[in-house]
Each structure stands twice: as structure tokens, then as C-alpha cells.
Amino acid sequence: MVQKVTTICAPATSGGGAIALIRVSGPEAISIVSDIFKPTDNQVDILNAKGYTLYFGTISSQEEFIDEVLLSVFRSPLSYTGEEMAEISCHASPFIQQRIIEILLEHGAETATPGEFTQRAFMNGKMDLSQAEAVADIIASDSEAAHRLAATQLRGGFSGEIEKLRQELLSFASLIELELDFSEEDVIFADRFAMTETIIKIKSLVDSLASSFRLGNAIKKGVPVVIAGRPNVGKSSLLNVLLQEERAIVSDIPGTTRDTIEEVMHLGGLLFRFIDTAGLRDAILPTSPQAGRLRQPKVDKIETKGIERTKLKLENADIVLAVAEVTDSAAPIAEFAASIAGLTGNSGAKVILVINKSDLVSRKQAGELKKDLSALCSIPVVFISAKNSSGLEELKKQLTDSVETGRLKSPQYIVTNARHYEALKNVSSSLQRALEGFRDGIPTVLIATDVRQAIYYLGLITGRITPDDILGEIFSKFCIGK
Ligand SMILES: Nc1nc2c(ncn2[C@@H]2O[C@H](COP(=O)(O)OP(=O)(O)OP(=O)(O)O)[C@@H](O)[C@H]2O)c(=O)[nH]1
Ligand SMILES: [Mg+2]
């Protein structure tokens, strides 16, 4: 039985402002709205209004005047959802909005579920799945880079790339399927060498897309920057001076910060997520010869937990600011930086060595330390004073330079969505199996299964899973004559 399509309504704007928008979509949208809306111009007939027209009038319920509003009419299929639609712009009083929704419900509309307008737009072919997902991303985008990625996806840039790959694999699969159809005659349509080449090419594109997820995700949620170092070196002071607010407690007692503290900040059109951590003691940085040099009060249970969290954050960091003090000498600082890099696991995080408290030494001393450090370690070194706010511009530059912004020039090749990432990984492993199949001389029918799997996973991204596609390809390209 075909389910009856309902007419849905919901406010499209969130609280605040002067004007609010209420959306109505579905087969009865115009007739329901015409029941409750009285145009100021009494010549106007809303029931027969054309699409893309706008009317001024009032909304009332029986004798109760609710509001003066503007009514926009959209006719199917030229609307956001593809259905008949009306949009009511009313005054933004929560009471007015609530009353209008109630009246719409009394006249036969139903309340929309979250995302239902966009879901209908997808169902009616107004956009594919990845574009529908981008609608949510563009609403949530809060930095220039996140907006650019969501906007590209919304306009179909990413879907376009996926669709190209899918089409290539479809042609490929159709050749293999043809061979299977003609298996008794033992014909070979597809050149094995060319096929392997194509699969290698597609797989490397898919892998490159999947590898962009780290950047895409960081841009969407904020690039995680972990501030780590021994107790008392000024990690919390650095967080505060970057944020320009007293966010974390600072004191001269080592072990002040127990928990991790996260705050976001925009730099150069990117969102960064700074994570201040509990200081790491020598037990965790075993290579340091400095043990015993610092005042080391007994580490309690809470601090131990904090340190565990620091380690966890280090494993998931994109960038680590390894903070040390200017009064230390070059060798132990370099060893400390190496230990921090070791704690980042296999995450491939970029480590920037930050030498704090540069106000405590002369320029000459700082210069010498810098020279010694550059001989000992190859990571970038920035001298700052959290106390005097000096060196911060250089640090910010290092931070933005650490993000592969070059990749942002081709936003259609950046994956921001975990679902897409999972699908791409599945595409890659299916293609890997197909390649191994060719290499090991596996029967074509099994290789075809792997290729079909890859097509299926690519189709999951854009929402175009249609096994009939393969047949369509065969008949459109080959005139077999029967
Ligand atoms: N002279 C000088 N002192 C600083 C600077 N930055 C921080 N301090 C001082 O160093 C001490 C420790 O600072 P915090 O920011 O609490 O250090 P932390 O690394 O967060 O310490 P824990 O949370 O205990 O690991 C405080 O007394 C700060 O005032 C600086 O640039 N110059
Ligand atoms: Mg601290």
C-alpha cells in the first residue's frame, strides 16, 4: 500500500529576532494555509496562487486575530522539498508562532520531525544524500573553512567526485558482467591490465579522499591542539593568553591543572580546539634527566587520573604545543620534546616546541638557547612569554601553518562526514580485494562481487544504490542485438 503523503509544518527560525518563519509542506499545504490566511487584497485567491508569489494579510482563528504576516507560495516541484509549500513570515513572538502552528495542526497539518523538510527534498530528488547532509553542516558551520567545505558539498562538489568514481566502476563492472553472460563462449571483453590500472587509480583517489577526513573533521569540529608539558611551565597561562581570558587557574604550585580544559578559538579562518592538560611528571617522561630538579610534591590519585587524560588527549591530538621553560638547558628540552612526540602514538600529530617565560632571561641567553635547540631538534621552536604576551603572533602563525590548508583549495576532495569516511574505507578494501583477485587469478565472478561492493558503498554516500544501474550501463553502451 502506498503511504499517503502528509502535510507538515514547523518553525524554520530559532528564537530571537523580529521575524520568524513557519514552513508548511505537502499536498495540502496551500489549501490549509488558504483556510487561515486572509489576504489584504480581497481579489487574491490563495488556492490558485502561482509559485514564487508573496502576499500580505492576516492570520486569524475564528474571531481571534493572531498576526499580520507575509505568505510565500511555492508550487511543486519548484520548492525546497519539491512539494507544494507555503512559508509564513510572522512576528517572532513565541506565542504567535505557537498559535499559528496550533491552527495549522487544527486544519490538518502535522508537526514535522527534525530534518523532515530536507528528507523530503532528498526523497523528491531535489538533492542527493551527501547534499542533504551538507544542509546540516552549513547551518552548523562556524568558521570560514568549515563553511567552505559545507558549501561545496551542498552545491554537489563532493557528490560530483564520488559520482565520477562510481560511473567509472560501473562501466568496469558492466564489462565483467558481460564476460559472465558470455562465459560459455569464453570471450574476454575487458583487458585485465587496463582494468587493474583503473582500479589502482580509483583506489588511490578513494584513499586520498579517506585520508582527508582527518583534516575535514578537524575543520568541522575544531583542530585539536593539546598543550602539554611538565607541571608549572605555564601551560594554563598560555591557554589564557591565547583566549585573552582567565579561563584556567594559574598558580605557582606544580600540579594546579588536574583535568583537561577545552576552549575553541578562531585563527586565520580556522577553528582550533585548545586543550590545556595536567602537567606530565618525570615518571611519564622517562627519558628526561631532570628528575628531582623540580619541586615534586607527591602525585595524588586525582592528578594521576588527570595525567591519564593528558596521555589520551596526546594520542588524539592534531597539533601538540610542547611547552618548556626558557631557564632549562637545550639538551633536556630536546629530550622532553622527543618524549612528547613519542606520546602522540601513531596519530602523526605535529609537535611545536614552545619555550615559555622568555621574560626571565636576556635576549642573548634566549638566542643561545634557540641556536642550541635548532642543532638538537628539527621541530619548530617558538619563544614566548605568556606573562608579557610576547611571541604569540609567531606561535599563531606556526599553528595555522601546521594545518594543511593547501588541501582546502580543492574542497571537493575533503571528507567531513564520518559516514562518508566509513563508506570510503569500505570502498577501498573492496577494491583491494579485487586487485588481489586479479593478481591471484581468482575467477572473474568473485572479482565482480568485490567491484559491485565498491559501487554499493560509493552509492551509499550519495544515496544512489540501484543495482539496475549495472544493467542499464550494459545496454546503453553495447548494442548486443538481442
Ligand atoms: N615569568 C613568567 N612566569 C610565568 C609565565 N607563564 C607562567 N608563569 C608563571 O608560572 C607559574 C605556573 O603557571 P601555570 O600556567 O599555572 O603553569 P601550568 O603549566 O599550567 O602548571 P600545572 O597546571 O601545574 O601543570 C605561575 O606562577 C605563572 O604565573 C611567563 O611567561 N613568565
Ligand atoms: Mg595548568
Side-chain angles (χ1 to χ4, degrees), residues 224-263 265 272-286 288 290-314 317 319-329 332-333 335-337 339-340 343 351-367 369-370 373 381-396 398-399:
V225 183
V226 173
I227 307 175
R230 291 178 200 288
N232 230 24
V233 291
K235 301 177 296 297
S236 301
S237 305
L238 171 58
L239 176 79
N240 290 348
V241 74
L242 281 167
L243 297 172
Q244 296 188 303
E245 85 176 65
E246 294 304 306
R247 175 65 182 82
I249 299 174
V250 165
S251 89
D252 59 358
I253 306 164
T256 302
T257 308
R258 302 295 191 91
D259 210 341
T260 50
I261 300 174
E262 299 201 17
E263 279 297 328
M265 179 182 168
F272 286 88
R273 196 151 44 83
F274 287 100
I275 304 156
D276 179 23
T277 61
L280 294 164
R281 303 212 181 241
D282 287 299
I284 294 108
L285 300 171
S288 167
Q290 279 190 307
R293 195 190 64 79
L294 278 168
R295 276 188 292 140
Q296 298 248 2
K298 226 169 142 260
V299 179
D300 62 28
K301 259 186 359 202
I302 302 171
E303 195 180 353
T304 311
K305 278 201 167 163
I307 291 173
E308 283 307 312
R309 290 195 177 178
T310 304
K311 286 166 72 183
L312 209 67
K313 292 288 174 188
L314 277 169
I319 300 174
V320 179
L321 299 181
V323 187
E325 283 177 271
V326 78
T327 44
D328 276 347
S329 45
I333 294 180
E335 284 195 42
F336 152 75
S339 320
I340 288 285
L343 288 172
V351 181
I352 300 171
L353 183 53
V354 179
I355 310 296
N356 188 30
K357 309 195 185 181
S358 58
D359 54 283
L360 293 180
V361 298
S362 69
R363 261 170 194 273
K364 186 163 166 278
Q365 283 170 297
L369 179 59
K370 193 166 202 168
L373 279 173
V381 184
V382 185
F383 279 64
I384 66 158
S385 162
K387 189 177 167 194
N388 297 344
S389 304
S390 68
L392 294 182
E393 286 315 309
E394 166 67 12
L395 179 59
K396 288 178 188 172
Q398 287 288 350
L399 281 168

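Counting starts at 1 for both ligands and their atoms, following the listed order. Treat the numbers as computed from the prediction; the structure is a model and nothing was measured.
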Heavy-atom closest contact (R281 atom, R230 atom, distance) | C-NH1, 4.5 Å
On a heavy-atom basis, the closest approach of K235 and N232 is NZ-N, 4.1 Å
For ligand 1, is any non-hydrogen atom under 4.0 Å from [X]'s backbone (N, CA, C, O), its side chain (CB onward), both, or neither?
X	value
L360	side chain
P254	backbone
V250	both

What atoms of ligand 1 come within less than 4.0 Å of a heavy atom belonging to D359?
-> 1 (N), 2 (C), 30 (C), 31 (O), 32 (N)
Nearest to [atom], what protein heavy atom do you find, and at what distance?
atom	result
atom 6 (N) of ligand 1	N356 ND2, 3.2 Å
atom 21 (O) of ligand 1	N232 N, 2.9 Å
atom 8 (N) of ligand 1	K357 CE, 3.6 Å
atom 25 (O) of ligand 1	K235 NZ, 2.7 Å

Row for the Mg ion (ligand 2): angle OG1 (T257) to OG (S236), 10° precision, value 90°
N/O donor-acceptor pair under 3.5 Å between N356 side chain and A386 backbone | yes
When you measure from atom 11 (C) of ligand 1 to each heavy atom in S389, G234, G279, S251, which option holds the nearest one?
-> S251
S237, S236, A228: member with heavy atom nearest to atom 13 (O) of ligand 1 | S237
Strictly under 4.0 Å, does any heavy atom of I253 approach an atom of ligand 1?
-> yes
Salt-bridge contact K396-E393 (side-chain N to carboxylate O under 4.0 Å) | yes
Taking both backbone and side-chain atoms of S358, is any N or O found less than 3.5 Å from an N or O belonging to ligand 1?
-> no
